[in-house]
Amino acid sequence: MKAQQKYDVSLPPYLVWPVSIKSATQIQDWGHEYLKAGEVYGKTRGEGAVVAILDTAGEFAHPDLVKNSLNRYGKNFTDSPSLIDVHGHGTHCAGIAAATDNEIGVIGVAPGAHLLPVKVLNDAGSGAYSWIAAGIRYIADLEMEGELNDLPRIISMSLGGPNSSKILKEAIDYAIGKGCLVVAAAGNEGYREGINNVGYPGKYAEVITIASMGKTGLPSRFSSAGTAVDLAAPGEQVYSTHKNGSYAYLSGTSMATPHVAGVCALILSVFPEIKTQGQLEAFLSDHAKDIYDTGEDLRTGAGVPIVPGYLDQKPGEPEEPTDLEPEPEPEEPTREKRTLLIPTSDSWKVYWKTRSEANLHELFVHDLVVEVTTDRPGPALVDELTALVEKYFTRRGFIVPDHMDYQDAVYYAGIFLKVIVGREIPVEIYRIGGYDPEDRQILFATDAYAGRIKKQELRQANTFAVPAAIEHECV
């Protein structure tokens with residue numbers, strides 16, 4: 001619990017398959033081949049871009065990375081004592097993006113790109129959003145010598161957490177506003193129909209969000225899914241550099257993300273006229289190879305960015321800046337009551353327990369709309385209430401009577417929220433749903449509680465709609 005409160009992001013446990021190098025032969029891994037990166041090296045190797053790896057490393061000491069690494073600009077924003085990559089995750093990601101073409105080890109997607117290490121995850125692979133936000137702003141504001149300062153900067157983040165963060169979102173917006181290009185992992189929560197489980201910062205619409213695919217060309221089972229997914233890239237059993245000068249195979253959307261960061265370095269080196277995140281995202285999506293459902297889908301987005309397919313295209317023109325309307329004056333406080341409907345569309349995993357504390361259970365709460373009657377100004381209240389919902393649904397558990405079933409737990413989730421928020425604001429739960437992982441079905445507590453939907457029917461149905469919703473008034 002202490003770790004959960006201190007850190008917003010923790011890399012999931014994963015298996016490392018270390019490799020014993022018996023020869024000096026350089027390997028071109030399957031992901032590199034799938035993206036056909038080597039076919040464009042006559043035109044570019046990514047020399048015209050900087051790839052900032054925000055991860056577990058503040059310097060890249062690996063012999064396959066040193067040549068391309070701008071270690072003099074490395075920075076540590078964590079509670080770990082040094083820049084060294086004790087964990088290995090950041091070094092692995094860096095090698096995928098831009099390991100040097102030097103006849104040893106492995107070759108990166110953009111072997112000529114400049115690597116910039118920024119340590120925002122500590123030696124245990126955990127990090128706070130404040131560290132990540134500070135790292136993002138550092139890249140955006142960094143003054144580098146000579147021509148380096150004018151090169152496009154790609155921020156690659158193979159990390160994610162379940163919650164949104166104002167400080168993180170503002171840092172991303174700031175960096176994009178200064179011309180940085182931001183790529184992030186979708187997450188490794190696995191695909192569950194009807195559940196948008198992409199992590200943050202990948203869930204922000206402004207970010208280019210990457211899911212994972214395997215050697216068969218299908219989406220990886222572990223890869224998160226949702227409307228935020230823009231592209232997919234190789235993420236299974238990827239061979240790359242690792243800690244202490246070693247090499248290893250790793251899997252995850254963490255590995256898919258630097259593949260795309262490398263692709264971006266190649267594209268931006270050929271098309272320096274691409275100046276904005278919106279331009280780059282549109283260009284990547286428009287010419288991606290569709291590999292799953294026709295058109296954009298929740299698991300692979302627009303598809304996979306096969307590199308040669310981009311270099312014969314013409315990027316779209318940057319959007320003309322529009323005259324923004326002046327921001328309205330803030331509302332004056334008033335005694336007049338108003339009603340606000342506040343949707344909180346993200347899903348939360350709540351742990352609840354019986355009064356006897358005999359068992360802990362998981363509850364997925366989603367699609368929540370809270371109706372608030374207040375005499376306080378609206379916009380600030382919406383932000384405050386959404387933050388409260390997020391805080392208490394992710395940090396707290398709640399108690400229900402013994403022998404209550406799963407449907408009752410969903411109902412009590414509504415009462416729980418009312419108790420927490422109602423201490424300051426009169427509030428009514430307008431709609432609430434839950435997810436039963438055993439049956440992989442969406443539950444709407446009112447009908448399920450009334451017995452109108454039986455357990456066996458849940459197992460047979462793929463989806464079902466229930467017009468009635470939980471509604472109760474504050475007392």
Within the 4.5 Å heavy-atom criterion, are Ser240 and Met255 side-chain neighbours or not?
no
Any residue meeting side-chain contact (heavy atoms from CB on, under 4.5 Å) with Asp29, in chain and number order, not counting sequence neighbours
Val238, Tyr239, Tyr249
I'd like to know if Lys178 pairs up with Asp141 as an ion pair, taking the criterion as any Lys NZ or Arg NE/NH1/NH2 lying under 4.0 Å from an Asp or Glu carboxylate oxygen.
yes
Is any side-chain heavy atom of His89 less than 4.5 Å from a side-chain heavy atom of Ser158?
yes
I'd like to check the ring-ring contact (aromatic ring centres under 6.0 Å, His included) partners of Tyr41; sequence neighbours left out, ordered by chain and number.
His32
Interatomic distance, Leu11 atom CG to His87 atom NE2 [nearest 0.5 angstrom]:
5.0 Å
Show the nearest heavy-atom pair for residues Ser269 and Gly48, with the distance to one decimal.
OG-N, 2.9 Å
Quick one: list whatever passes side-chain contact (heavy atoms from CB on, under 4.5 Å) with Ala185, sequence neighbours left out.
Thr253, Thr257
Could you tell me whether the side chain of Asn71 and the main chain of Gly74 form a donor-acceptor pair under 3.5 Å?
no
Gap between atom OG1 of Thr227 and atom CG of Leu298 - 0.5 Å precision
7.0 Å
Closest heavy-atom pair, Glu103 versus Gln26, reported as atoms and distance to 0.1 Å, is N-OE1, 3.2 Å
N-O pairing of Lys43 and Asp312 below 4.0 Å
yes
Evaluate the side-chain proximity of Val229 to Arg299: yes if any heavy-atom separation is below 4.5 Å, no if none is.
no
Which residues share a ring-ring contact (aromatic ring centres under 6.0 Å, His included) with Phe60, sequence neighbours left out
none
Closest heavy-atom contact between Ser220 and Glu236?
OG-OE2, 2.6 Å
Return the set of residues passing ring-ring contact (aromatic ring centres under 6.0 Å, His included) with Tyr138 (not counting sequence neighbours), or none when no residue passes.
Phe77
Pro219 side chain near Tyr191 side chain, heavy-atom distance below 4.5 Å:
no
Sub-3.5 Å donor-acceptor pair from the side chain of Thr78 to the main-chain atoms of Ser80, do we have one?
yes
Is there a donor-acceptor pair under 3.5 Å between the side chain of Thr209 and the backbone N or O of Gly202?
yes
Can any side-chain N or O of Ser156 pair as donor or acceptor with the backbone N or O of Ile53 at less than 3.5 Å?
no
Roughly how far, to the nearest 0.5 Å, is NZ of Lys119 from CG of Asp55?
10.5 Å
Which heavy atom of Ala49 sits nearest to which heavy atom of Ile154, and what is that distance?
CB-CD1, 4.1 Å
I need the Glu281 CD to Leu231 CG distance, nearest 0.5 Å.
8.0 Å
Nearest heavy atoms of His259 and Val109, plus distance in Å
CD2-CG2, 3.7 Å
Under a 3.5 Å cutoff, is there a donor and acceptor pairing between the side chains of Asn163 and Tyr129?
no
Arg153 versus Leu142: any side-chain heavy-atom pair under 4.5 Å?
yes
Taken in chain and number order and not counting sequence neighbours, the residues that satisfy ring-ring contact (aromatic ring centres under 6.0 Å, His included) with Tyr204 are Tyr200
Within a 6.0 Å radius of atom NZ on Lys289, are there more than 12 heavy atoms belonging to other residues, nucleotides or ligands?
no
Taking all atoms of both residues into account, what is the closest heavy-atom pair of Val9 and Gly160, and its distance?
CG1-O, 3.5 Å
Does either side chain, that of Thr91 or that of Asp85, offer a donor lying less than 3.5 Å from an acceptor on the other one?
yes
Is there a side-chain contact between Leu116 and Met144 in this structure, where contact means two heavy atoms from C-beta onward sitting under 4.5 Å apart?
yes
Quick one, Pro315 and Glu273 - any side-chain contact, counting heavy atoms below 4.5 Å?
yes
Look up atom NE2 in His92 and atom CG in Leu250, then write down how far apart they are to the nearest 0.5 Å.
3.5 Å
Does any non-hydrogen side-chain atom of Asn197 lie less than 4.5 Å from one of Pro162?
no
Check whether more than 12 heavy atoms from other residues, nucleotides or ligands sit under 6.0 Å from atom CG of Leu311, and answer yes or no.
yes
To the nearest 0.5 Å, tell me how far Glu59 CD sits from Leu115 CG.
13.5 Å
Partner of Val182 by side chain to side chain contact (heavy atoms under 4.5 Å, CB included), out of Leu54, Val207, Ile136:
Val207
